[in-house]
Amino acid sequence: MSSKAPGEPSATIRERVIKARAIQSLRFKNHPGVHCNAQMTPSLLHQYAEPDAEGMAQLRQAITSMNMSARAYDRILKVARTIADLDASVQVRQPHIMEAIAYRNLDRSNYFNL
């Protein structure tokens, strides 16, 4: 917010979101009842959100060091898959995992109790 550089315009962000939703609709067309990444089952997570080797190592390290649950693991993968979709990436990669972990950290912290 304090940066002097202009941020990404809302119209550009909107276009990326529309494209990501289209990717998800196409991905789940043969999976009744699943319309977006948030609805993925564990088997769909394995099929569509398996990160690359560096991402998996980062995720394992975060789960261990932050003492996260299996539920947190699944949630991080779902968010990382969405970040990858917004990035137009077929593969979930380490940067997507790291960003998803950062969002999860905000949820867990006392960030708003400062």
Spell out, as yes or no, whether a donor-acceptor pair under 3.5 Å connects the side chain of [X] to the backbone of [Y].
| X | Y | value |
| --- | --- | --- |
| E15 | T12 | no |
| S89 | V92 | no |
| E50 | Q91 | no |

Nearest-0.5 Å distance, CG of residue L86 to NE2 of residue H96: 9.0 Å
From T64 atom OG1 to L59 atom CG, the distance as rounded to the nearest 0.5 Å: 9.0 Å
K78 vs D74, salt bridge (Lys or Arg N to Asp or Glu O under 4.0 Å): CA-CA, chis, key distance, verdict: CA-CA 6 Å; K78 289 175 185 182; D74 287 354; 6.0 Å; no
Min side-chain heavy-atom separation [X]-[Y] under 4.5 Å:
| X | Y | answer |
| --- | --- | --- |
| R104 | V79 | no |
| L45 | R81 | no |
| M56 | R60 | yes |

Stepwise side-chain contact (heavy atoms from CB on, under 4.5 Å) test for F28 and N37: CA-CA 9 Å; F28 301 122; N37 293 335; 3.4 Å; yes
Verdict with reasoning, D85 to R27, per side-chain contact (heavy atoms from CB on, under 4.5 Å): CA-CA 11 Å; D85 289 343; R27 177 182 298 132; 2.7 Å; yes
Derivation and outcome, side-chain contact (heavy atoms from CB on, under 4.5 Å), residues M40 and L77: CA-CA 10 Å; M40 281 192 282; L77 283 179; over 6 Å; no
Cluster link I76 to M66, ILVMFWY, side chain under 4.5 Å: yes
Stepwise side-chain contact (heavy atoms from CB on, under 4.5 Å) test for R16 and K19: CA-CA 5 Å; R16 282 194 306 129; K19 287 177 184 175; 5.7 Å; no
Shortest non-hydrogen contact from A80 toward I97: CB-CD1, 3.7 Å
